[in-house]
Amino acid sequence: MSRFKRNILNEEQQSKAVNALQTSLYDLVELALQGKQAHWNVVGENFRSVHLQLDEIIDSVREASDAVAERIATLGISPDGRAGSVSSNTRLDNYPDGLQSVPATVGAVADRLTRTVKGLRQAIATVGDVDPISEDLLIGISSTLEKHLWMVQAQEA
């Protein structure tokens, strides 16, 4: 494996930032996959609006996972988005099997968005002192996912 000759961060900063980013990447990749599972299996009243909303969330999450993976690569480390690594390291619970009602889907997606945002906020706190660029990236992603969370859980009221 070749490494970059010129690193932006020293080794300790790089390790701290990349570990936080990689953990976030596992959760984002898993969230996108689970979002698709929810999208394919939601049934019931208001199906169409939730089905379409899930596509919007998935698009945001995929864009976020790509940005995080590219940030890891920018820092000179190979990002890991392999299925086995994601399933072994994600902090998200497995998505329920089978068809899910709209209320069950809304609750499950809100739970997973919440867990992902909490993980992103932990990563923001970790990278804040060592890499403000990664911190800024994670803040932007968290902001987007928090807005999605607001819109999802507003349907539970």
Side-chain angles (χ1 to χ4, degrees), residues 16-75 77-128 130-157:
K16 197 171 186 180
V18 168
N19 287 338
L21 290 165
Q22 183 61 61
T23 301
S24 297
L25 180 60
Y26 291 137
D27 289 346
L28 290 166
V29 171
E30 182 67 17
L31 182 61
L33 292 170
Q34 289 195 25
K36 265 309 187 188
Q37 187 68 20
H39 172 84
W40 295 324
N41 287 288
V42 63
V43 295
E45 190 173 337
N46 298 319
F47 154 81
R48 181 167 169 69
S49 63
V50 172
H51 185 77
L52 295 174
Q53 183 181 30
L54 289 168
D55 269 339
E56 293 171 4
I57 295 168
I58 294 160
D59 287 346
S60 293
V61 174
R62 285 181 174 164
E63 185 177 313
S65 66
D66 189 54
V68 169
E70 289 179 355
R71 181 65 187 161
I72 294 169
T74 298
L75 294 175
I77 303 296
S78 174
D80 185 5
R82 297 170 297 163
S85 298
V86 170
S87 68
S88 296
N89 293 293
T90 185
R91 294 172 288 191
L92 303 184
D93 292 334
N94 286 330
Y95 196 80
D97 190 27
L99 297 175
Q100 301 294 312
S101 69
V102 167
T105 299
V106 165
V109 170
D111 289 346
R112 281 146 185 84
L113 281 166
T114 299
R115 181 64 197 113
T116 303
V117 167
K118 286 182 178 182
L120 287 166
R121 285 177 166 262
Q122 289 172 346
I124 290 164
T126 299
V127 302
V130 298
D131 184 15
I133 305 303
S134 293
E135 178 187 37
D136 183 60
L137 172 66
L138 295 173
I139 288 169
I141 292 168
S142 183
S143 175
T144 298
L145 295 187
E146 287 179 30
K147 185 174 180 181
H148 283 304
L149 174 59
W150 162 55
M151 292 185 173
V152 168
Q153 68 183 348
Q155 297 171 80
E156 293 179 309

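Note: hydrogens, waters and symmetry copies are ignored here, and every other heavy atom, side chains too, is used.
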For the atom pair [atom1] ([X]) and [atom2] ([Y]), what is the distance rounded to the nearest 0.5 Å?
| X | Y | atom1 | atom2 | answer |
| --- | --- | --- | --- | --- |
| I139 | T144 | CD1 | OG1 | 12.0 Å |
| R71 | L138 | CZ | CG | 9.5 Å |
| L33 | L28 | CG | CG | 11.0 Å |
| L54 | N41 | CG | CG | 10.5 Å |
| L99 | W40 | CG | CH2 | 13.5 Å |
| D131 | T126 | CG | OG1 | 12.0 Å |

Strictly distance-based, threshold 3.5 Å: is any side-chain N or O of [X] a donor or acceptor partner for the main-chain N or O of [Y]?
| X | Y | value |
| --- | --- | --- |
| Q155 | M151 | yes |
| T90 | V86 | no |
| N89 | S85 | yes |
| T114 | A110 | yes |
| E63 | I141 | no |

[X] side chain near [Y] side chain, heavy-atom distance below 4.5 Å:
| X | Y | result |
| --- | --- | --- |
| K36 | R62 | yes |
| D93 | R112 | yes |
| D80 | L25 | no |
| L31 | L113 | yes |
| L149 | T116 | no |
| Q122 | R91 | yes |
| V152 | I57 | yes |
| L75 | L21 | yes |

Within a reach of under 6.0 Å around CD of E45, are more than 12 heavy atoms found that belong to other residues, nucleotides or ligands?
->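 At most 12 heavy atoms, drawn from other residues, nucleotides or ligands, come within 6.0 Å of this atom.
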Search all heavy atoms of V102 against all heavy atoms of N46 and return the closest pair with its distance.
-> CG2-C, 4.1 Å
Minimal non-hydrogen separation, A123 against S24, with atom names | CB-OG, 3.5 Å
Could E56 and K147 be called an ion pair, given the rule that one side-chain N must be under 4.0 Å from one carboxylate O?
->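 Between K147 and E56 there is no salt bridge, as every charged N stays at least 4.0 Å from the carboxylate O atoms.
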